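This structure is a prediction, so every number in the text was calculated from the model and none was measured.
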Amino acid sequence: MDIKKTKKQKQTMQEKLNTLRAGVLGSNDGILTVVGVLVSVAAATTDKFTIFIAGLSDLLACAFSMACGEYASVSTQKDTETSAVDRESQLLKAAYQDELDAVTRHYMNKGVSKKTSTAIAKDLLDKKPLETMVRVKYDIELGHYLNPWDAAFASLFAAAAGGLLPLMAMTFVPGTVAKWSMTILAVALTSALTGFISSKLGNGLVKLAVIRNIVIGLITITIHYGVGKLF
């Protein structure tokens, strides 16, 4: 019972991490795409309404684009997993010995003797054949699939939230110097946050990820400012 509970908790945690990953990616895209449009337009015109409408339009487009992309991606992964389960279900009926050999090889590759591996394989396939095969071959927990709607909504709201702070800074802060300063600060802070979260999720170097994201954000501002000035 404890083993089942542990597996369920592990799978639930994995689902939460994947949803959070989708949110981080969405937020990062929201920051960069929205600030890119804002800076380009603001460099070309001082009309606040034009800047606001351009930034808001891009924020909504980015948010829904990211959500649709995540939904399609996770749905494809889910379809692949369910297809693998169906295939293994058929193979257990049509080629049981091949399936038994596959599980035996799996444990032999882990350093277990052939005799013991064969005994483990037979025991597992007698008790939980389909669950064993999808776990051994595809590292899938039977009945636990990623939810495309969770990933889509996480990406949608994160992308919108990521672009919201630069949008507000560029359109509502009075004064040219203060407006640009607050926009740059907003990009730096939000980029640093997404870098921090992504490094924690990937067990990477926090400092490197934060600095990398801030630099990318500043480069984005510089490039789009130049593009805006051209027009």
Side-chain angles (χ1 to χ4, degrees), residues 13-14 16-48 50-70 73-74 150-231:
M13 180 59 68
Q14 185 62 42
K16 289 181 179 179
L17 287 174
N18 279 301
T19 300
L20 185 57
R21 175 201 57 79
V24 170
L25 291 175
S27 179
N28 203 50
D29 268 30
I31 296 165
L32 296 180
T33 56
V34 172
V35 78
V37 170
L38 284 172
V39 170
S40 296
V41 177
T45 179
T46 57
D47 186 77
K48 288 186 176 181
T50 300
I51 296 170
F52 176 74
I53 289 299
L56 181 62
S57 299
D58 186 70
L59 184 149
L60 293 174
C62 175
F64 282 101
S65 174
M66 287 297 297
C68 291
E70 280 295 331
S73 175
V74 176
D150 286 347
F153 282 119
S155 188
L156 173 71
F157 291 118
L164 187 61
L165 196 57
L167 175 63
M168 293 177 66
M170 182 61 79
T171 54
F172 295 115
V173 173
T176 303
V177 176
K179 174 178 67 179
W180 281 96
S181 298
M182 290 303 295
T183 301
I184 293 171
L185 180 61
V187 172
L189 290 175
T190 49
S191 296
L193 180 60
T194 56
F196 175 81
I197 296 174
S198 63
S199 66
K200 287 294 184 182
L201 289 176
N203 295 318
L205 298 174
V206 174
K207 185 177 180 180
L208 180 62
V210 169
I211 293 174
R212 180 177 60 230
N213 272 25
I214 292 175
V215 170
I216 290 172
L218 296 178
I219 291 174
T220 300
I221 291 174
T222 303
I223 292 173
H224 285 83
Y225 181 81
V227 171
K229 278 298 182 183
L230 287 175
F231 301 95

I want to check something: taking the side chain as every heavy atom from C-beta on, are [X] and [Y] in contact at a cut-off of under 4.5 Å?
X    : Y    : result
S181 : L185 : no
F52  : K48  : no
V39  : W180 : yes

Using the side-chain contact (heavy atoms from CB on, under 4.5 Å) rule, take M66 and L156 through it: C-alpha gap first, then chi angles, then the decisive distance, then the call. CA-CA 6 Å; M66 287 297 297; L156 173 71; over 6 Å; no
Spacing of [atom1] belonging to [X] relative to [atom2] belonging to [Y], to within rounding of 0.5 Å:
X    : Y    : atom1 : atom2 : result
M182 : M168 : CE    : CE    : 10.0 Å
T50  : I53  : OG1   : CD1   : 8.5 Å
L165 : T183 : CG    : OG1   : 9.0 Å
I221 : S191 : CD1   : OG    : 8.0 Å
L189 : I184 : CG    : CD1   : 12.0 Å
T46  : I51  : OG1   : CD1   : 7.0 Å

Can you name the nearest heavy-atom pair linking [X] to [Y], along with the distance?
X    : Y    : answer
A192 : I214 : CB-CD1, 3.9 Å
A178 : P174 : CB-O, 3.4 Å
V210 : G195 : CG2-C, 4.3 Å

Between [X] (side chain only) and [Y] (backbone N and O only), is there a donor and an acceptor less than 3.5 Å apart?
X    : Y    : result
T222 : L218 : yes
T194 : S27  : no
T190 : A186 : yes
S40  : G36  : yes
D58  : V34  : yes

Using the side-chain contact (heavy atoms from CB on, under 4.5 Å) definition, which of the options V187, I31, N28, L32 pairs with N213?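 Result: among V187, I31, N28, L32, N28 is the only option passing the side-chain contact (heavy atoms from CB on, under 4.5 Å) with N213.
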